[in-house]
There are 2 protein chains.
Amino acid sequence: MEMPTNRQLECFAAVFETLNFRQAAEKCYISQPALSAQIKQFEQLLGILLFERDKRRVLPTAAAKSLFPKVEKILRDTRILAEDSHRFGEPFSGTLRLGVIPTVAPYLLPKTIRSLHREFPQVRLSICEDHTERLVESLEEGDLDVLLLALEADLGSAETIDILSDPFWLVVDSKHSLAKRQRIAFEDIAQENILLLDDGHCLRDQTLEICNRVTAKGSDDFRASSLPTLLEMVAGGLGVSLLPEMAIESECRPGRGLTPLPYGDISPFRTIGLAFRASSHRQPEYNLLADLLRREM
Amino acid sequence: MEMPTNRQLECFAAVFETLNFRQAAEKCYISQPALSAQIKQFEQLLGILLFERDKRRVLPTAAAKSLFPKVEKILRDTRILAEDSHRFGEPFSGTLRLGVIPTVAPYLLPKTIRSLHREFPQVRLSICEDHTERLVESLEEGDLDVLLLALEADLGSAETIDILSDPFWLVVDSKHSLAKRQRIAFEDIAQENILLLDDGHCLRDQTLEICNRVTAKGSDDFRASSLPTLLEMVAGGLGVSLLPEMAIESECRPGRGLTPLPYGDISPFRTIGLAFRASSHRQPEYNLLADLLRREM
DNA sequence: TATTCCAATTGGAAGTTCCGATCGAACTGA
DNA sequence: TCAGTTCGATCGGAACTTCCAATTGGAATA
C-alpha cells in the first residue's frame, strides 16, 4: 500500500485552508503548477476527488472535509516530533545512565550528583552500582551510557577518560606497631595479614597485585563485602588493609581506632576514570562530566 | 522549519525494529545504501544521532527510543488516513446532502429513502426542503450535493438528469360542473378561478404559465403555502387547481370531496429530475440515484 | 472590449533517491 | 591462520521526482 507524502499532506492542507491554489502554493513556497501536481498525485493515490475545481473557485468535497482534521493532526505531530528531538542534541538531555563500582560510589557520587544537577539541571541521572565485570557487560549491551570506575580492570572495547590517580594508603588499627610511623614503604606489609574484599571487587584484584609485588599474601580467611565492613575487621585487629585515598576521610574518622598511613611518592594507585562505548558519539558530554568530577576533588 | 519525510520515518522505524540495516532496507523495499542515506538525512535534520553503529551491530540511542513510539503513531495515522479515504471512493459514501422542493418531497421521498437505504446501506442522507431558488443557491455554495426538483425552473449553471414527466391533473370539488366529465381539455379552465400556491413555489409559476396559454387567470385572492392547504380550498369550493400526478393519490383520497380530472394525451407536465454542480464529479452516483427514483414510480 | 484572475498544462531544468559495485572491518568455521 | 560471510558506509551514475517559467483558456470584472 502506497503512502501519501508529507508534501502532499501539506499541499492539501494549504489548499483546504485557502481554497485558492495560488495562495496555497505561496504558503508552501512552491509554484502553483507544482502544487496542482501535488494535489493531483494525492487525489490519485487516495482514489478520490478532494476539491471540485471550476474556472472560478475551489470547493472541498465531503472527503476533503473529513480528511482535513486528520491531515492537520499528522502534520502537527510530525512538526512536534522534529522540534522535540532537537532537545536531545543538548548535552545531558534525557537520562544519563551511569554505572559505578562500590568502592567509588559512596565517596564521589554524593558531591557529584549535586553539582551535576546544579550545572545541568535538565539531566536525569540513573545510577547502577555493581562490579566492574557486570558494569562493562551492561555498557556493551547499551543498558548503561557511561561507567565511573578504576581503569586498571579489563574494560573490553570501551573508550576511557582519565579523571584522577587515587593512591592507596595502608590502614592499620591504632594499636598496631606501624601506627606510630610517619611514613611507610612497600615492604612493610610483607609480614602483615592483608584483608581483602569479596571476589568481583576490582579493589581486591588491585590489592592482590600489589601484594604480589612484595611477595606479601592476602588473607583467605575473611572476605568483606564492603569497605566499611573490611575496616571493622581492621579495627578489630584481624589484619591490615589498603584503602584508596578518596575513602580515607569518610572511613577513618577519628575515634574509630584506625590509623591511615600514606605511602611516599612512589605510592601504588588506581586510576579512576570514565568508560563508554566507542560508538556512542557522546564523548563531549563525558568530557564535561570528567571535568566536573576533577573539580570535585 | 524543515519537516521529516515519511520515507525517513519509515526507514527509521524499520531500522529501530530490526536493528539491522540490511533487513530494514528489505522491509522498506529499497537497497541498503539508500536506507543508510535516509537515516543519515533524518539524523541531520533532527540534529541528533539515532543509532550507534559500529562494525558489528546497531544500537538505538536514547533519542531513538523516545522518538520511536511517536514515529510509529504518525505512520499508523497516515496509513489509516489513506485506507479510510478509499471508502469515499465508493458510491454514496458519507453523507448525501439532498435538496427537494415541497411539491415533490412528500410524494417521492418516503419510498425513495427506504429503498436508498436498502440498496446503499452506507449512505447517510441529509434532506433539505425548500423552494427552487434557495436550493439552487445552496447547491452553488456547496452546501447541498444534489437537488430533486422540477427542471423547468432556472437552475443556474447546474447540470441535470431527467427522471420522469409528471403530468398535471385538474382537481375540482366533487360538486363542480366538470366533475362528471371523463376527460377535459385545456380550454375548460379558462373560466375557472384557479387557485395558486405562495410565491417561490415553482409549481405556482408553472401553473401560471399554463394559464397564460389559455388566457385563464390565476386567483390573487388566496395563496396556499402547501398543496394540502390548497386542496382544502378547492374542496371548499373556492376554485380549482392543477395538481401534479404524483400528488393525486395521496391528496385526492376518496371522501375528501375532490375529483381529479386527467388531461388527455397532450397534458401539460413538469419534468422532475436531479440537478448538481457541473464540477462535482459525482454524476455516476446521481445516475444511480435517478435510476432508483424511476423504479419507484 | 480589455483586464484580471484562476487552475491546468507543457517542456525542460534541478534536485532527489535509488541501485550496483565496492570497501574495510569484524566475526565464523575450517 | 585463512577463506567466507556479514556488517554498514561510500561512490558514481541511472532513474525518477519535483519544480519552475511560460502559456493556455475560461470566467469574472470593469
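- Looking only at side-chain heavy atoms (C-beta outward), B/Pro102 and B/His201 come within less than 4.5 Å of each other.
- Nearest heavy atoms, A/Phe51 versus A/Pro60: CD2-CA, 3.7 Å.
- Distances from the side chain of B/Pro33 to the nucleotides C/dT16, D/dT18, D/dT10 place D/dT10 closest.
- For the atom pair CG of B/Leu155 and OG of B/Ser157, the computed distance is 9.5 Å after rounding to the nearest 0.5 Å.
- Rounded to an integer number of Å, the gap from B/Arg53 CZ to C/dG24 C1' is 17 Å.
- Only one option out of A/Asp205, A/Asp166, A/Asp162 pairs with A/Arg270 in a salt bridge (charged side-chain N to carboxylate O under 4.0 Å, His left out); it is A/Asp166.
- Counting to the nearest Å, the P atom of C/dC6 and the CD atom of A/Glu52 are 19 Å from each other.
- The distance from atom CD of A/Glu26 to atom P of D/dA21 is 13 Å, rounded to the nearest whole Å.
- If you check every strand for non-hydrogen atoms under 4.0 Å, B/Phe51 touches nothing.
- A donor-acceptor pair is defined here as one N or O able to donate and one able to accept, closer than 3.5 Å; such a pair exists between the side chain of A/Arg97 and the backbone of A/Gly142.
- Regarding B/Leu35, its CG atom lies at a distance of 15 Å from the C1' atom of D/dT10, rounded to whole Å.
- Dashed line: the shortest gap from a side-chain N or O of A/Ser36 to OP1 or OP2 of C/dA7 is not under 4.0 Å.
- Rounded to whole Å, atom P of C/dT17 lies 12 Å from atom CD of B/Gln44.
- OP1 or OP2 of D/dT18 has not a single side-chain nitrogen or oxygen of A/Arg7 nearer than 4.0 Å.
- Using a 4.0 Å cut-off, no side-chain N or O of B/Gln32 falls inside it from OP1 or OP2 of C/dG20.
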Derivation and outcome, side chain to side chain contact (heavy atoms under 4.5 Å, CB included), residues B/Leu81 and A/Leu67: CA-CA 7 Å; B/Leu81 182 80; A/Leu67 251 46; 3.8 Å; yes
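- One can place CD of B/Gln8 at 10 Å from P of C/dC18, the figure rounded to the nearest angstrom.
- Paired runs in DNA chain C that reach 3 or more consecutive Watson-Crick or G-U pairs, where each pair keeps both distances under 3.5 Å, cover C:1-30 with D:1-30.
- Under a 3.5 Å cut-off, the side chain of A/Glu285 and the backbone N or O of A/Phe92 do form a donor-acceptor pair.
- Residue A/Gln38 is classed as a sugar-phosphate contact, given heavy-atom separations below 4.0 Å to backbone atoms only.
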Heteroatom pairs (N/O) under 3.5 angstrom, protein to nucleotides 4-7 of chain D:
| from | atom 1 | to | atom 2 | distance (Å) |
| --- | --- | --- | --- | --- |
| D/dC7 | OP1 | B/Asn20 | ND2 | 3.1 |

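- Going from atom CD of A/Glu129 over to atom OG1 of A/Thr103 covers 9.0 Å, rounded to the nearest 0.5 Å.
- Between the CG atom of B/Leu35 and the CD atom of B/Glu26 there is a distance of 11.5 Å, given to the nearest 0.5 Å.
- One can place CD1 of B/Ile39 at 14 Å from C1' of C/dT17, the figure rounded to the nearest angstrom.
- Nearest to the side chain of B/Ala34, among C/dC18, D/dA21, D/dT18, sits C/dC18.
- The structure places CG of B/Leu49 at 8.5 Å from OG of A/Ser279, a figure rounded to the nearest 0.5 Å.
- At whole-Å resolution of the value, NZ in A/Lys40 and P in C/dA8 are 8 Å apart.
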